[in-house]
Structure formats: structure tokens, C-alpha cells
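See structure below.
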Amino acid sequence: MTLTGPYFMILSALGFALMGALVKTAGDLGIPLMQIIFARALVSVLLSLFDIRRVSIHPLGTQRGLLLIRGLVGFASLSCVYYAVLTLSYAEATVLQYMHPLFTTVLALLLLGEYPTRRTLTCVVFSFAGLLVMALPGLSFGGVGGLPPWGVAAGLAGAAGSGLAYTIVRKLARSEHPSVIVLYFPMVCIPGSLILGWNAFVLPDTTGLLVLLGVGCFTQLGQVALTRAMQVETASRNTSLSYIQIVFAALLGFWFFGETPNYETMAGIVLILAGAGISLRAPPEAPA
């Protein structure tokens, strides 16, 4: 069966959800955040270079300036997201981060001329509503003035950066190999994480090494599947399906961490799946 863009996005969401579960496990094992970022970037570089060698293409691609910008934007937005997680509640940081489909839709329209369909917009509305239902018990946005302003700014910047990164990937995917596009992100993350956190690195045991290896492998799966999706579908439709990652994360939390979903979580999952179903029934949106 030939996978279409939406199904590649579902595969990408699964990869990122598994990565998130392993990141949580690595944190529980006492591995510092920057070391986790470094390890996932190192594994991603090795896997990307292996695939690039397999298909015999130049590892630096053709649009090198735009590829480097994609790497820089990706690292900056990832840093902002993690800062928001550290300074806000997890629910608040998650809601801010998952505004990135809205930013992607606007940026894809302005920069690529891709107009979202009614089904795509409906999917975004359903999915964001589901996210709000799930996060509502932990939110304190009623008094935004009481929240750390830099945390809120970082969360919004991370979402906007993610939207810009997805839009750039969509443009690059028309001419660059997926592994070349993926390669530039860890090329920036490796020196960035070393500069910011090398002095806190620890020597992990065998379990820690396997967990870090899994983080890198599932990151690669998520990134490559995302890039494949961007090759064949519009950026707005693809990112509208990224909310599926929340559903996978809830299931993984239940299976591996004993996190029993409450009624709000179940209602949110239903709304997100409804939005995904609407998007999956739509015909391809990729422009000629």
C-alpha cells in the first residue's frame, strides 16, 4: 500500500509520541535535558548520513541556505518549547505548543500560497477543541497576567517557530531528499546542546544508553515521515493531523506509566479523532 500524506503524518505522530515517552523515561533516569537533545541529534545524524550514502546524494543538498535556516529555526523553537515546559504547567505549555497548526496554516498561505480547505480548518477546530477539553482542568489562563510572561512568550515563540519550520520543510520537500532535510536539524542541535549543557552531562548505564538510542531512532522516524508527508500534501493539512500525537501520548501514558485517562481526556481524544477522520476523508490538497 502506498502511504499518502495524512498517513505519513499519523506515522510521524506515533514516532514523536514514542520519542516523548522515552524522553520522559530518560528524565526519570536522571539524564539532563541537553544530553537527551544531544543524543537524539547524534543518532539522527548517523541514520541520516547512512541513508544519504545509500542513495548516493550530496549530504548538504542544493538549497543550503534554506536548509540551514530550517535547522536554526528548529533548534530555536525546540529550546523555546522546553523553556515553556519548565516555567509553565504542562497543560499550559502543551496548549501553547499545539497552536503551531494555526501558525502553519497562516504561514503556508502567506509564503507558499497554499489555501487550506474547509475540511482542514474543521480538523484544526475539532482538534484544538479536544486539546482544550483535555487540558482545561490544569489551565490557569483565566489570569494570564499571573503567568510567567517569558514562559508564555517562549511557548508562543515555540509554536510560531514550529509553524515556520514546517512551512520551510514543505518548500524544501519539493526538491530535497528527506534525509538531507532531517540532517540539518541535528547538525545545529549537536553544537547547540554541547555549548548550553556539556558540563551537566552524565555517564548513563546500559538502560540509559538504550533509552537514548530509542529517542534518536523514533525522532528519525517522526522527522522522515513528516518530511515525506510534506512532499505530497499541503502544510496546513499535514499539521492539522499532528494532534494525533496527543492521542498516542495518552495511550502510551496509560500503558507504560500507569496514567489513567479521566473523562476530559477521553472526550478530548474523541474530538481529536473526529477531526482526523474529517481530514482523512478529504481528497489530496497538494498543488500541481
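If you're wondering where the values come from, they're calculated on a predicted model, not measured in any experiment.
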Notebook entry, point to check: Taking it one step at a time, do S242 and Y98 satisfy side chain to side chain contact (heavy atoms under 4.5 Å, CB included)?
Noted result: CA-CA 9 Å; S242 64; Y98 273 89; 4.3 Å; yes
Check: Between the side chain of Q63 and the main-chain N/O of E176, is any donor-acceptor distance below 3.5 Å?
Finding: no
Next item on the list: Find the distance between CG (L67) and OG (S175) and round it off to the nearest 0.5 Å.
Entry: 8.0 Å
Check: Nearest 0.5 Å, what's the CZ-CG distance between R70 and L183?
Finding: 11.0 Å
Next item on the list: Assign the ring pair F128 / Y243 to parallel, tilted or perpendicular, where the plane angle (0 to 90°) is split at 30° and 60°.
Entry: perpendicular
Notebook entry, point to check: Do the non-hydrogen side-chain atoms of S193 and Q35 ever get within less than 4.5 Å of each other?
Noted result: no
Notebook entry, point to check: So, for C123 and A276, which heavy atoms are closest and what is the spacing to 0.1 Å?
Noted result: SG-N, 4.0 Å
Next item on the list: Please answer: with hydrophobic residues joined when any side-chain heavy atoms are less than 4.5 Å apart, are V224 and I244 in the same cluster?
Entry: no
Item checked: Check: F8 main-chain N/O paired with S12 side-chain donor or acceptor under 3.5 Å -> no
Next item on the list: Compare all side-chain heavy atoms of R64 with those of H58 and state whether any distance is below 4.5 angstrom.
Entry: yes
Notebook entry, point to check: Within the distance-only criterion (no hydrogens, no angle test), does the side chain of Q245 pair as donor or acceptor with the backbone N or O of L14 below 3.5 angstrom?
Noted result: no
Item checked: Cluster link L252 to L11, ILVMFWY, side chain under 4.5 Å -> yes
Margin query: Using side-chain heavy atoms (C-beta onward) and a distance below 4.5 Å, is Y166 in contact with L226?
Written below: yes
Notebook entry, point to check: So how far is it from K24 NZ to M19 CE, rounded to the nearest 0.5 Å?
Noted result: 13.5 Å
Notebook entry, point to check: Atom CZ in R237, atom OG1 in T104: separation rounded to 0.5 Å?
Noted result: 15.5 Å
Note to self: Are M266 and V270 connected into the same hydrophobic cluster when the rule is that any two of I, L, V, M, F, W, Y join if their side-chain heavy atoms are below 4.5 Å apart?
What the structure shows: no
Next item on the list: Using only heavy-atom distances, determine whether the side chains of Q220 and S48 contain a donor-acceptor pair under 3.5 Å.
Entry: yes
Next item on the list: Look at the side chain of S127 and the backbone N and O of V124, then say whether any donor-acceptor pair between them is shorter than 3.5 Å.
Entry: no
Next item on the list: Check whether any side-chain N or O of Y184 sits under 3.5 Å from a backbone N or O of L60 as a donor-acceptor pair, and report yes or no.
Entry: yes
Check: G30 and V202: which non-hydrogen atoms are nearest, and at how many Å?
Finding: O-CG2, 4.1 Å
Next item on the list: Indicate, with yes or no, if L121 and L273 share a hydrophobic cluster defined by side-chain heavy-atom contacts under 4.5 Å among Ile, Leu, Val, Met, Phe, Trp and Tyr.
Entry: no
Checklist line | Nearest-0.5 Å distance that lies between atom CD1 in I278 and atom CZ in F126 | finding: 4.5 Å
Checklist line | Closest contact, heavy atoms only, C80 versus A157 | finding: SG-CB, 4.1 Å
Check: Would you call F38 and W198 a side-chain contact if the rule is heavy atoms closer than 4.5 Å?
Finding: no
Next item on the list: Please tell me if the side chains of T117 and T120 come closer than 4.5 Å, counting only heavy atoms from C-beta onward.
Entry: yes
Notebook entry, point to check: Going by an N to O cut-off under 4.0 Å, is there a salt bridge joining E114 and R174?
Noted result: yes
Checklist line | Nearest atoms (heavy-atom pairs only) where A200 meets P32 | finding: O-CG, 3.0 Å
Margin query: Do I246 and W255 land in one hydrophobic cluster if side-chain heavy atoms of ILVMFWY residues count as linked below 4.5 Å?
Written below: yes
Check: Hey, are the side chains of H177 and D51 touching, using non-hydrogen atoms and a 4.5 Å cut-off?
Finding: yes
Item checked: Verdict with supporting geometry, L164 and F103, side chain to side chain contact (heavy atoms under 4.5 Å, CB included) -> CA-CA 8 Å; L164 179 57; F103 285 108; over 6 Å; no
Note to self: I want to check something: taking the side chain as every heavy atom from C-beta on, are T234 and P116 in contact at a cut-off of under 4.5 Å?
What the structure shows: no
Next item on the list: Report yes if the side chains of F248 and F16 come closer than 4.5 Å at any heavy-atom pair, otherwise no.
Entry: no
Check: Of the non-hydrogen atoms in A41 and I190, which two are nearest, and what is the gap between them?
Finding: CB-CG1, 3.6 Å
Next item on the list: Quick one: do L111 and K171 satisfy side chain to side chain contact (heavy atoms under 4.5 Å, CB included)? Show the steps, please.
Entry: CA-CA 9 Å; L111 301 180; K171 182 174 180 61; over 6 Å; no
Next item on the list: Could you tell me whether a side-chain N or O of R170 sits under 3.5 Å from a main-chain N or O of E233, the two making a donor and an acceptor?
Entry: yes
Margin query: Working to the nearest 0.5 angstrom, can you tell me the gap between L33 CG and L78 CG?
Written below: 8.0 Å
Next item on the list: Over all heavy atoms of both residues, which pair between A26 and L212 is shortest? Give the atoms and the distance, please.
Entry: CB-CD2, 4.5 Å
Next item on the list: Apply side chain to side chain contact (heavy atoms under 4.5 Å, CB included) to the pair V182 and S44, showing each step before the final yes or no.
Entry: CA-CA 8 Å; V182 172; S44 185; 3.6 Å; yes
